Every structure is written in structure tokens, then in C-alpha cells.
Amino acid sequence: MRNVEVRLHRDFAIGTTHPRLFGAFLEHLGRCIYGGIFEPGHPTADAKGFRQDVLGLVRELGPTIMRYPGGNFVSGYNWEDGVGPAAQRPRRLDLAWMSTETNQFGTNEFIDWCRLAGIEPMLAVNLGTRGADAARNFVEYCNHSGGTALSDLRRAHGWEQPHGVKFWCLGNEMDGPWQIEAKTAEAYGRVACEAAKVMKWVDRGLELAACGSSGRRMRTFGQWEETVLEHTFDHVEYISLHTYLNNYDADTPAFLASCDLMDSFIEEVVAIADSVAARRRSAKRIMLSFDEWNVWYRTRRDRRSRIKQGWPAAPPILEEVYTVEDALAFGGMCISLLNHADRVTVACLAQLVNVIAPIMTETGGPAWRQTIFWPFLHFSRLGRGRVLRTQVDSPTYAARYNDPNGPIDEYFALPAVPYLKLAAVHDEQEGLLTLFALNRSLNETFPLAVRLGGFDKLALKQAQQLCDPDLSAANTKHQPDRVRPASLPAVKVAGDRLEASLAPASWNVIQLSLA
Ligand code: AHR
């Protein structure tokens with residue numbers, strides 16, 4: 001049996017996780033909003049139509065910030081359509097998802113829902129079909145206190161107090177040919193800069209994210225970030241990144257290795273952002289907003305062409321059913337985010353309900369947790385604090401991973417993937433140390449030994465494990481608890497040493513309390 005050994009020290013930290021690292025995403029897409037969080041007439045719906053069963057699961061899951069209203073949807077959206085008396089709101093064709101948008105849910109409803117859920121709202125402006133003027137008007141409608149036409153319009157609509165939305169995305173995936181009015185980096189950089197300027201002139205307190213690449217696979221990756229930041233550096237705080245992992249090749253080891261490409265992507269974007277800063281001799285550091293991340297492939301190709309004809313409203317699209325294997329790859333992504341807490345200070349799981357989501361619902365029926373619900377809950381609930389540097393000595397394996405959704409159709413070689421992927425988070429306030437450990441071996445149990453430098457008098461608080469002999473096991477309406485974490489047995493803590501046994505293909509969370 002081979003060992004995996006980890007060394008860490010209390011004094012050596014990568015950074016502290018920002019509360020916004022644990023965000024998620026609600027898009028006007030399929031049944032994410034309609035039939036997801038909002039379903040007037042549902043037995044659990046409140047007077048505003050918000051499903052309380054879903055809200056309960058959202059509170060349990062613990063996302064901290066919520067991106068809205070898209071995604072691809074935002075590039076054709078008129079924010080004005082979603083405010084004012086619901087009966088007078090227009091029905092429109094949504095070209096992003098070939099659906100009919102009824103606009104019965106809009107910005108004010110979103111803000112109300114966020115407040116109920118205890119989540120910070122994040123809004124995106126349309127830089128596809130629209131530009132700086134619509135963006136600044138949207139900020140004025142939301143955030144200006146009153147005494148102007150747009151702020152008084154909000155008040156007349158029933159929201160007396162300004163929404164105070166701080167975090168705004170300057171469009172979505174503007175590098176992607178699938179985007180409504182996609183742009184070159186030069187054209188996007190110009191409009192993003194001008195939009196950012198006037199949005200901040202309306203509200204100085206805003207924090208803005210420029211669009212980075214839709215994925216590392218994009219032909220324009222690298223050049224895109226550089227050009228966009230050359231235009232926007234002085235006006236934005238963030239650049240965005242998106243990643244969706246896949247297992248099209250039915251190659252589980254490669255799938256579980258692919259989250260390591262997320263580490264590379266982050267480090268490359270940091271390097272580019274810092275090179276733009278260096279050319280300016282600037283001490284400013286652009287932070288990363290990983291505002292779409294997840295596993296997504298089975299339902300990925302049903303966009304546009306495969307969507308039902310007839311412009312349905314809220315069709316059941318992108319309803320990925322997640323397996324144990326997906327939860328493991330997903331857990332690996334959580335570890336990648338934690339281990340870059342110094343520069344990734346915002347991240348949004350895409351998405352929240354029904355659409356590539358940890359929560360599923362039946363319209364008119366129940367709601368349940370998908371497999372990926374569990375690693376996200378661990379990440380969000382237990383990932384608060386100082387992420388410690390770790391030295392992981394683990395056997396490795398070689399993998400080849402493909403992302404056929406991107407324009408570059410080549411395999412990525414991953415020559416030395418450690419079987420163990422790990423992050424350690426020290427919550428000083430609560431006196432907790434939490435280890436997140438993914439065993440990527442499909443058949444080997446690894447005895448894990450961790451040397452916990454600088455800590456003494458540690459006691460085991462809890463240890464959980466998500467694994468299943470059937471990697472394709474999933475939760476469904478009929479078996480909502482088929483996959484859930486169990487306790488991880490035989491964890492020993494003595495002095496500054498922890499020992500545990502990590503089952504093959506397992507996600508493990510071990511939490512220690514400090515005396
Ligand atoms: O999350 C689903 C879609 O994926 C989003 O609308 C888009 O931004 C990305 O391509």
C-alpha cells in the first residue's frame with residue numbers, strides 16, 4: 001500500500017478565503033427561475049411566488065453571492081422589461097436559449113429573493129445588444145436613492161430604498177461566437193471601459209468585473225485578457241474566468257485530473273493581469289472572478305439546435321443529472337478555488353436550481369439535492385479562513401483530457417497528476433482546521449498522514465466522506481438521498497499528526513478543533 005503524506009504549517013498561508021468565493025448563479029434559462037426559485041401556485045410558494053422548499057435547500061447549501069440574470073441571456077436582455085407591474089411586462093423571444101421570456105420575474109424580485117435568502121446580489125449588464133447608456137441607467141434605477149426619473153421609477157414600483165448592489169459584471173462571455181453580439185477583444189475592451197466609467201460615475205462604490213475568456217480552450221485566450229485589461233485596467237477590479245469540466249471520453253481518471261487545468265488557468269490569468277500591471281508600473285492587482293464553474297457535458301449540446309421548436313417558456317433544458325463521479329470532479333474544482341484564495345476572491349457555481357444545478361425541482365412537486373450539493377456545502381460551510389500552503393507527496397498518474405466544446409480540439413497532456421488533491425483551511429476565529437481531500441485513484445485506498453506544523457492539542461470534530469462503489473449513482477425524485485456523505489471512520493489525531501484512510505474515488509472532509 002502506498003502512502004500519501006502532507007505537510008503544512010500554521011504560519012504559512014496562501015491567503016484568506018473571501019466570503020464571495022462561495023457564490024452561485026441564477027440565469028433566465030430553462031427552469032432555473034421559473035419552476036425553480038419562483039413558482040407562484042406551488043404548494044410551498046409564499047405570497048411573492050418564491051418556493052420555500054427551494055429556499056430551505058439554498059440556505060442549507062450556503063451560497064454567499066448570486067449572479068443574475070445571465071449568462072448568455074443577458075446579452076439580449078432589456079432590464080426595463082423586468083420591472084414595473086408584472087401584468088404589463090412584455091413577453092419576448094430569448095435568442096440565447098430559443099425560449100419565450102415572460103418577464104414575470106425581474107431585478108426587483110431577484111433582490112427580494114436574495115434578501116430573504118441572506119445572499120449578496122450580483123448583477124450583469126448587457127454589453128451585447130446594448131452599451132454604456134443602458135448600463136448606467138440600470139445602476140441609477142437600482143442604486144440611486146431618489147429624486148431622478150429612474151430612481152423614482154424604482155420607488156414608484158414599490159422599492160423605496162436603493163438596492164445597493166455593489167458587484168456588477170460587464171457583460172458575459174463576449175469572446176464567444178455563440179454570444180448575442182459577440183465582440184473582438186478590442187471592441188469589447190472599448191465598450192467595457194466606457195460602461196465601467198459611467199457606471200462608477202453614477203455610483204462610486206461599485207466593483208466591476210470585465211469578461212475574460214469563456215474558457216482556456218478559446219483560441220483568443222491570453223490575447224483576449226491582455227487587450228481587455230489594457231482598455232479597462234483603471235476602471236475594473238476583476239477579470240472573469242469560466243470552466244466546465246466534461247467526461248465525454250468516459251475516461252474517469254482524466255475527468256478527475258481535469259480540475260488541475262483550472263489551477264493552470266487561474267495562474268495564467270494572474271500572470272497576464274500582473275503583466276498588464278507591470279507595464280504600467282502599477283501596484284494595483286486585478287482579482288479573479290471565477291463566475292461560472294461546474295461539471296457540464298451531457299446536456300451541453302442541446303443548446304439552440306436541439307431545443308424544442310415553438311419558443312417554449314421555461315423549457316426543461318440543461319437539466320444535468322449529477323453522479324458520484326461528477327461530485328468528485330466537482331470537489332476537485334472546490335480545492336482548486338481554495339488553493340488560489342489569494343487571487344480568486346469571487347466565484348459562482350453555475351448554476352443554482354435545475355439548470356446544471358445542485359438543487360433539482362419538479363414543477364408543482366418536490367425539490368431535492370443532487371450529488372454536487374454535498375461538496376459545495378462542505379466548501380461553502382467549512383472553507384472560511386486562511387488557506388494553508390500544503391506540501392503533498394502523492395503517487396501520480398498520467399492522463400489526457402479533451403474539451404471538445406472549445407474551438408481548439410486537442411488533448412491536454414497531464415503527465416503527473418497526484419492521486420491526492422488537497423486543501424487545508426484554518427478558521428482562526430472558530431479555532432478549526434479543515435482538510436478537503438480528493439482521492440483520485442479508482443482502486444487504491446491511500447493511508448493519509450498529515451504533519452500539522454504549528455498546531456497542537458487538536459481534536460477531531462467531524463470527518464465525512466462521499467464515495468460509492470457505483471460511480472454513476474445519482475439522486476432522483478424517487479431516491480433523493482441515494483448519494484449523501486457518510487462518516488469517515490478511523491481518523492486518528494495525536495500530537496501534530498493526523499492519520500486517515502482515504503477510500504478509492506472519494507471526497508473527504510476532516511475537521512479538527514483547536515484547543
Ligand atoms: O451556464 C450556462 C451558460 O454557459 C451561460 O449562460 C454561459 O455564460 C455559458 O456559456
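Every heavy atom of this structure was used, including side-chain atoms; hydrogens, water molecules and symmetry mates were not. The residues of the chain are indexed from 1 along the displayed sequence. Computed from a predicted model, the values in this text were never measured in an experiment. As the structure lists them, so they are numbered: ligands from 1, and atoms in each ligand from 1.
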>> Closer than 4.0 Å to some heavy atom of Glu173 - which atoms of ligand 1 meet that?
In response: 7 (C), 8 (O), 9 (C), 10 (O)
> Under 4.0 Å from any heavy atom of Trp97, which atoms of ligand 1 are there?
Replying inline: 3 (C), 6 (O)
>> Within the 4.0 Å heavy-atom shell around Gly71, which atoms of ligand 1 are there?
In response: 5 (C), 6 (O), 8 (O)
> CG/Leu241 to NE2/His340 distance, rounded to the nearest 0.5 angstrom?
Replying inline: 10.5 Å
> Going by the order shown, which atoms of ligand 1 are within less than 4.0 Å of some heavy atom of Ile356?
Replying inline: 1 (O)
> Which ligand 1 atoms does Glu27 reach within 4.0 Å, using its non-hydrogen atoms?
Replying inline: 5 (C), 6 (O)
> Given Glu292, Arg300, Gln351, which one has a non-hydrogen atom that is nearest to atom 9 (C) of ligand 1?
Replying inline: Glu292
>> Both conditions, 6.0 Å and 45 degrees, for the charged tip of Arg67 above the ring of Phe25: are they met here?
In response: yes
>> For ligand 1 and His242, I'd like to know whether there is a polar contact (N/O to N/O, distance under 3.5 Å).
In response: no
> Looking at Glu173, Gln179, Arg130, which hits side-chain contact (heavy atoms from CB on, under 4.5 Å) with Ser75?
Replying inline: Gln179
> Parallel, tilted or perpendicular for Tyr68 and Phe110, by the 30°/60° rule?
Replying inline: parallel
> Between Phe38 and Trp113, does the ring centroid distance fall short of 6.0 Å?
Replying inline: no
> Below 4.0 Å from any atom of ligand 1, is there a heavy atom belonging to Phe73?
Replying inline: no
> Which of the atoms of ligand 1 are close to Tyr244, meaning less than 4.0 Å from one of its heavy atoms?
Replying inline: 1 (O), 2 (C), 4 (O)
> Is the distance between the ring centroids of Tyr322 and Phe373 less than 6.0 Å?
Replying inline: no
>> If we set the cut-off at 4.0 Å for heavy atoms, which region of Asn72 has an atom near ligand 1: side chain, backbone, both, or neither?
In response: both
> Does atom CZ of Arg59 have more than 12 heavy-atom neighbours, drawn from other residues, nucleotides or ligands, at distances under 6.0 Å?
Replying inline: yes
